[in-house]
Number of protein chains: 2
Amino acid sequence: MAHEDHQDIVREIKENMPDADTLFELADFFKVFGDSTRIRIMCALFEKELSVCCIADIVGMEQSTVSHQLRVLRQENLVKVRREGKQSYYSLEDEHIQKIFEMGLEHILE
Amino acid sequence: MAHEDHQDIVREIKENMPDADTLFELADFFKVFGDSTRIRIMCALFEKELSVCCIADIVGMEQSTVSHQLRVLRQENLVKVRREGKQSYYSLEDEHIQKIFEMGLEHILE
DNA sequence: ACAACATATGAATGATTGTTCATATGTTCA
DNA sequence: TGAACATATGAACAATCATTCATATGTTGT
């Protein structure tokens, strides 16, 4: 790391970077997309709002597992809940999700 | 899970879902964005191609750590390398990355 | 109030992963 | 060829995380 303009480049890029907190939050946000169970849950919710047991059936996992993962999605404001009788109906909170999905798909299908 | 049209909904949504392999790949792809070190590396590379030691300086981590993470980014085709003398210069492989970033930022800043 | 159902949550476990240290590989220059 | 530098990689460790089981909470109808 001793060539002529190394320090200049480092300083310049450091200055132009978003602050560390923002990037940390950003990583946390994308972390949610990095699990196939959550991906499948979100994918199912593209169609319509669904109850927890419906989702569990669709993704083929325990109700408990799905509940835990829905909490993760809720904490990152990716889904919202609506109580109706005994059931909780979940739906997507944000229209960015579909676009992020599409871009991911474009990338892996290249 | 015993109300009238539960099974119909489950079947319908299952049919319209992308196949499991694709969604698994998609999760692996987003997993790469789910770490703040990798996020910061990619962010630094938005400006220009950089050598490994430059990146290590910018993100403030060991050269070894950065090398390991660059390998992860390479495996998912997010960066490419160019050897020049003793140094390896990394740059972004794909223009989707910036857009995915922007959408993530839009989400967390809402 | 009680039974039946739907959902949420805490604890425990196994698996995955990010980081570091030590070292190997690759490259240049003398 | 050997020294100096840049990068890559394997092993080890600590930390994080997804899943499951058991159980608690919440809701409806009798």
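Lettering follows sequence order; numbering is per chain, from 1. Since we're looking at a predicted model, the values are computed, not measured.
- Proximity of Thr37(A) to the phosphate of dA18(D): no side-chain N or O atom is located under 4.0 Å from OP1 or OP2.
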*List the steps, then state whether side-chain contact (heavy atoms from CB on, under 4.5 Å) holds for Ser91(A) with Leu45(A).*
CA-CA 6 Å; Ser91(A) 55; Leu45(A) 292 175; 5.5 Å; no
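- Side-chain N/O atoms of Ser64(B) and base N/O atoms of dT9(D) include a donor-acceptor pair closer than 3.5 Å.
- We find that CD of Glu62(A) is positioned 15 Å from C1' of dA6(C), with the value rounded to whole Å.
- Ring-to-base geometry does not place His68(B) in a stacked arrangement with dT19(C) (centre distance under 5.5 Å, plane angle under 30° required).
- The side chain of Gln69(B) places an N or O atom within less than 4.0 Å of a non-bridging phosphate oxygen (OP1 or OP2) of dT19(C).
- The distance between atom CZ of Phe33(A) and atom P of dA18(D), rounded to the nearest whole Å, is 14 Å.
- Side-chain N/O atoms of Arg38(A) include one lying less than 4.0 angstrom from OP1 or OP2 on dA18(D).
- For Leu50(A) and dT7(C), the CG to C1' distance is 15 Å, given to the nearest whole Å.
- When the nearest nucleotides of DNA chain D are assigned to Lys86(A) and Gly34(A) by heavy-atom distance, the more 5′-ward of the two goes with Gly34(A).
- Taking side-chain N and O atoms only, Thr65(B) has a distance below 4.0 Å to OP1 or OP2 of dT20(C).
- Taking atom CG on Asp28(A) and atom P on dA15(D), their separation rounds to 18 Å, with Å as the unit.
- Using a 4.0 Å heavy-atom distance criterion, Ser88(A) is classed as a sugar-phosphate-only contact.
- Atom CG in Leu70(A) sits about 7 Å away from atom P in dA8(C), given to the nearest Å.
- Side-chain atoms of Arg40(B) never come within 3.5 Å of backbone atoms of Phe24(A) as a donor-acceptor pair (strictly under, hydrogens ignored).
- Between the P atom of dT7(C) and the OH atom of Tyr89(A) lies a distance of 8 Å, rounded to the nearest Å.
- Rounded to an integer number of Å, the gap from Leu73(A) CG to dA8(C) P is 12 Å.
- Using a 4.0 Å heavy-atom cutoff across all strands shown, Ser67(A) reaches at least one base atom of the nucleic acid.
- Across all strands shown, Gln63(B) has heavy atoms under 4.0 Å from base atoms, whether or not it also approaches the sugar-phosphate.
- Interatomic distance, Leu92(A) CG to Phe46(A) CZ, rounded to the nearest 0.5 Å: 6.0 Å.
- Following rounding to the nearest Å, Arg40(A) (CZ) and dT19(D) (P) show an atom-to-atom distance of 9 Å.
- Between dA8(D) and Tyr90(B), a contact under 4.0 Å exists linking OP1 or OP2 to a side-chain N or O.
- At a threshold of 4.0 Å, the pair Glu12(A)-Lys48(B) counts as salt-bridged, since one of the basic side-chain nitrogens sits closer than that to a carboxylate oxygen.
- Remark: Arg82(A) engages Glu84(A) in a salt bridge, criterion side-chain N to carboxylate O under 4.0 Å.
- Residue Asp35(A) is the one, among Asp35(A) and Arg83(A), whose nearest nucleotide of DNA chain D lies closer to the 5' end (criterion: closest heavy atom).
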